[in-house]
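Throughout, residue positions are numbered sequentially from 1 according to the sequence presented.
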Amino acid sequence: MYRLLFRQVLRRLDAETVHHRTVRGLALLARTPLLKRVLHRALAPHDPALRITAFGVHFPGPLGLAAGFDKDAACAEAVAALGFSHVEVGTITAHAQPGNPRPRLFRLVRERAVVNRMGFNNAGAPAAARRLRRTRGIPAVVGVNIGKTKVVPESEATADYVTSAKELAPLADYLVVNVSSPNTPGLRDLQAVSLLRPLLTAVKEVCDGTPRRTPLLVKIAPDLADEDIDAVADLALELGLDGIIATNTTIAHDGPTGGLSGRPLKARSLEVLRRLRARVGDRLTLVSVGGVEDVDDVWERLLAGATLVQGYTGWIYGGPLWASRIHRQLSRRVRLHRLSSITDIIGRTASP
């Protein structure tokens with residue numbers, strides 16, 4: 001049914017318009033307690049065999065929604081009710097900003113991919129904080145992804161991230177420093193260890209000072225050279241970070257200018273995951289994102305060493321029940337392999 005709707009209607013509409021209408025609809029659902037609870041009971045993962053604990057946070061399953069969809073923390077509970085084990089909101093910046101000029105979101109349907117050059121359009125950290133302070137009506141793990149305000153120069157980037165962290169870290173189940181979007185000029189330069197060390201050190205100090213000590217992760221690009229991936233991994237270990245999210249979108253494509261997500265990113269995302277696992281073992285939580293389309297992809301990422309997996313473009317093409325369907329399939333696969341927990345397969349095919 002969804003495939004027919006997508007093929008006949010949605011693909012003919014402007015991608016960003018569909019996105020905004022979907023977020024508004026889910027935001028309305030998030031404010032409808034009874035329907036939200038009914039959907040959560042029917043669609044969210046409830047199988048004890050799928051439960052995962054990472055950096056002290058309990059997840060009902062491995063598959064979550066990547067940052068980029070719920071940019072302003074407007075509908076995280078509704079997304080969780082549809083079957084995602086966690087929702088990463090953002091990217092949120094310290095100050096509100098409109099993002100890049102439209103058009104800035106493009107579907108590549110034949111490749112089952114999306115290109116975006118949104119530019120961190122969001123209402124700013126204070127507005128997101130007001131939404132995150134609302135009492136949650138259903139269980140929902142909500143991570144917060146923060147980035148640099150576009151007009152802030154590189155020399156003031158650390159202070160900008162710290163401003164966001166002070167506002168949002170106390171309200172997040174985990175915090176992510178995004179230095180890997182290709183759509184903010186100069187942002188990816190911050191992945192250089194010499195610039196990344198003081199930035200992460202300052203944000204970690206904020207996270208460590210919250211009442212529950214907010215876990216801190218860093219999100220990296222797939223376009224980093226292998227030696228730079230190793231350097232970021234070593235830095236994460238040195239600073240005592242909780243994990244790495246790999247990967248963001250790629251600029252290595254021939255489509256419209258912007259970051260590419262979806263199927264074409266699958267091979268590189270898996271390659272980066274395997275490299276990180278070989279470098280850090282199980283000392284850090286690895287979250288794999290990029291080209292995740294179905295249960296086989298989730299299973300493969302777990303085998304390769306990911307503790308958690310995220311998707312976004314796969315949801316666009318798979319429909320509203322995509323995450324719920326994958327979690328049900330994972331439950332059946334766990335039983336088929338006679339496992340007591342899905343955690344039993346994490347890292348099974350990783351290099352020793």
Student: Is a side-chain donor-acceptor pair under 3.5 Å present for S164 with D160?
Tutor: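 Absent: no donor and acceptor within the cut-off.
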Student: Test ring-ring contact (aromatic ring centres under 6.0 Å, His included) on H46 and H40 and set out the steps.
Tutor: CA-CA 9 Å; H46 300 292; H40 183 265; 5.4 Å; yes
Student: Do we see a donor-acceptor contact under 3.5 Å between the side chains of N178 and K148?
Tutor: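 K148 and N178 do not have a side-chain donor-acceptor pair below 3.5 Å.
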Student: Inspect the surroundings of NZ in K266 and state if more than 12 heavy atoms from other residues, nucleotides or ligands are less than 6.0 Å away.
Tutor: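 Counting other residues, nucleotides and ligands, NZ of K266 exceeds 12 neighbours.
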Student: Whether the side chain of R301 engages the backbone of V287 through a donor-acceptor N/O pair (distance < 3.5 Å, no angle test) should be reported.
Tutor: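 It does not hold such a pair.
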Student: For the side chain of Q97 and the backbone of F120, is there at least one donor-acceptor N/O pair under 3.5 Å apart?
Tutor: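 Confirmed, Q97 side chain pairs with F120 backbone.
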Student: Would the distance check show the side chain of N122 and the main-chain N or O of T93 forming a donor-acceptor pair, the cut-off being under 3.5 Å?
Tutor: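 At least one qualifying donor-acceptor pair exists.
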Student: How about I220 and L224: do any of their side-chain heavy atoms sit closer than 4.5 Å?
Tutor: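 Yes; the side chains approach each other to less than 4.5 Å.
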Student: Between the side chain of R268 and the main-chain N/O of P222, is any donor-acceptor distance below 3.5 Å?
Tutor: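 Yes, because the side chain of R268 sits within donor-acceptor range (under 3.5 Å) of the backbone of P222.
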Student: Do the side chain of R136 and the main chain of L132 share a donor and acceptor less than 3.5 angstrom apart?
Tutor: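 Side chain of R136 to backbone of L132: no pair is present.
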Student: Going by atom types alone, do R197 and T201 pair a side-chain donor with an acceptor below 3.5 Å?
Tutor: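 No pair is found: no donor N or O on one side chain lies under 3.5 Å from an acceptor on the other.
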Student: Could you check if a side-chain atom of R104 sits within less than 4.5 angstrom of a side-chain atom of N116, using non-hydrogen atoms only?
Tutor: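 No, their side chains stay 4.5 Å or more apart.
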Student: Would you give the length of the straight line joining atom CG of N145 to atom CD of E88, rounded to the nearest 0.5 angstrom?
Tutor: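 One finds 5.0 Å between CG of N145 and CD of E88.
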Student: Less than 3.5 Å apart, any donor N or O on the side chain of S261 or T313 sitting next to an acceptor on the other?
Tutor: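 There is such a pair between these side chains.
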Student: For residues 250-291, which residue pairs pass the ring-ring contact (aromatic ring centres under 6.0 Å, His included) check, not counting sequence neighbours?
Tutor: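 Every pair satisfying ring-ring contact (aromatic ring centres under 6.0 Å, His included) with a residue in residues 250-291: there are none.
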Student: Any side-chain heavy atom of V177 within less than 4.5 Å of one from L200?
Tutor: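 SC-SC contact between V177 and L200 confirmed.
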Student: Taking all non-hydrogen atoms of both residues into account, name the closest pair between A306 and L302 and its distance.
Tutor: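 Shortest heavy-atom contact: O-CD2, 3.3 Å.
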Student: Within a reach of under 6.0 Å around CZ of R338, are more than 12 heavy atoms found that belong to other residues, nucleotides or ligands?
Tutor: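 No, the 6.0 Å shell around CZ holds no more than 12 heavy atoms from other groups.
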Student: Taking side chain as C-beta onward, heavy atoms only, is P62 less than 4.5 Å from H327?
Tutor: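 P62 reaches H327 side chain to side chain.
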Student: Has the side chain of K166 got a donor or acceptor atom that lies under 3.5 Å from a matching backbone atom of T163?
Tutor: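 No.
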Student: Measure the spacing between OG of S85 and CG of L308 and express it to the nearest 0.5 Å.
Tutor: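 Between atom OG of S85 and atom CG of L308 there are 6.5 Å.
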Student: Is E238 atom CD crowded by more than 12 heavy atoms from other residues, nucleotides or ligands, each under 6.0 Å away?
Tutor: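 Check passes, neighbour count above 12.
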Student: If I compare all heavy atoms of A74 with all of A30, which pair ends up nearest, and what's the gap?
Tutor: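 Looking at all heavy atoms of both residues, the shortest contact is O-CB, 4.3 Å.
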Student: Might you work through the side chain to side chain contact (heavy atoms under 4.5 Å, CB included) test for L330 and V298, ending with a clear yes or no?
Tutor: CA-CA 9 Å; L330 287 172; V298 176; 3.9 Å; yes
Student: How are the rings of Y312 and H19 set relative to one another: parallel (under 30°), tilted (30 to 60°) or perpendicular (over 60°)?
Tutor: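 Tilted, since the angle between the ring planes falls between 30° and 60°.
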Student: Do P215 and V57 come within less than 4.5 Å of each other through their side chains, counting heavy atoms only?
Tutor: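 With C-beta onward as the side chain, the pair touches.
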Student: Taking C-beta and beyond as the side chain, do T247 and K219 meet within less than 4.5 Å on heavy atoms?
Tutor: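 Heavy-atom side-chain distance check fails, nothing below 4.5 Å.
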Student: What is the minimum heavy-atom distance between A73 and A128, and which atoms define it?
Tutor: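 Heavy-atom minimum between the residues: CB-O, 4.4 Å.
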Student: Judged by modelled atom types alone, do H95 and T149 share a side-chain donor-acceptor pair under 3.5 Å?
Tutor: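 Side-chain D/A pair, H95 to T149: absent.
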Student: Is the count of non-hydrogen atoms from other residues, nucleotides or ligands lying under 6.0 Å from R212 atom CZ greater than 12?
Tutor: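 At most 12 heavy atoms, drawn from other residues, nucleotides or ligands, come within 6.0 Å of this atom.
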Student: Dump the intermediate steps for side chain to side chain contact (heavy atoms under 4.5 Å, CB included) on Y174 and V144, then the final yes or no.
Tutor: CA-CA 6 Å; Y174 66 90; V144 177; over 6 Å; no
Student: Is a side-chain N or O of R348 found less than 3.5 angstrom from the main chain of L303, in a donor-acceptor match?
Tutor: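 Looks like no, no N/O pair under 3.5 Å.
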Student: Please round to the nearest 0.5 Å and tell me the distance separating atom CD of Q329 and atom CG of D294.
Tutor: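 Separation between the atoms: 8.0 Å.
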Student: Can you tell if the side chain of L43 reaches within under 4.5 Å of the side chain of L321, non-hydrogen atoms only?
Tutor: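 Touching, per the 4.5 Å side-chain cut-off.
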Student: Is there a donor in the side chain of D223 and an acceptor in the side chain of T250, or the other way round, less than 3.5 Å apart?
Tutor: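 Yes, T250 and D223 have a side-chain donor paired with an acceptor closer than 3.5 Å.
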Student: Of all heavy-atom pairs between I244 and A233, which one has the smallest distance, and what is that distance?
Tutor: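 Looks like CD1-CA, 3.9 Å.
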Student: If you define the side chain from C-beta out and look only at heavy atoms, does anything of F84 sit under 4.5 Å from Q310?
Tutor: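 No, too far: nothing below the 4.5 Å cut-off.
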Student: Could you walk me through whether L241 and K204 pass side chain to side chain contact (heavy atoms under 4.5 Å, CB included), step by step?
Tutor: CA-CA 8 Å; L241 266 58; K204 187 173 186 298; 4.3 Å; yes
Student: Could you check whether any side-chain N or O of W322 sits under 3.5 Å from a backbone N or O of E293, counting only pairs where one atom can act as donor and the other as acceptor?
Tutor: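 Between the backbone of E293 and the side chain of W322 there is a qualifying donor-acceptor contact (under 3.5 Å).
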Student: Do L28 and V18 sit in one hydrophobic cluster, given that two such residues count as connected whenever their side-chain heavy atoms are within less than 4.5 Å of each other, even indirectly?
Tutor: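 No: no chain of side-chain contacts under 4.5 Å links L28 to V18.
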Student: Are any side-chain N or O atoms of R283 and backbone N or O atoms of V280, one a donor and one an acceptor, separated by less than 3.5 Å?
Tutor: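 Yes.
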Student: Let's go through R107 and D14 carefully: what are the C-alpha distance in whole Å and the side-chain angles of both, what is the deciding distance for salt bridge (charged side-chain N to carboxylate O under 4.0 Å, His left out) to 0.1 Å, and is it a yes or a no?
Tutor: CA-CA 9 Å; R107 303 185 200 93; D14 174 70; over 6 Å; no
Student: With no hydrogens and no angle check, is any side-chain donor or acceptor of E16 less than 3.5 Å from a backbone partner on P103?
Tutor: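 Judged by distance alone, no pair lies under 3.5 Å.
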Student: For the pair F69 and W315, name the ring-plane relationship: parallel under 30°, tilted 30 to 60°, perpendicular over 60°.
Tutor: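 Ring orientation, 0 to 90° scale: perpendicular.
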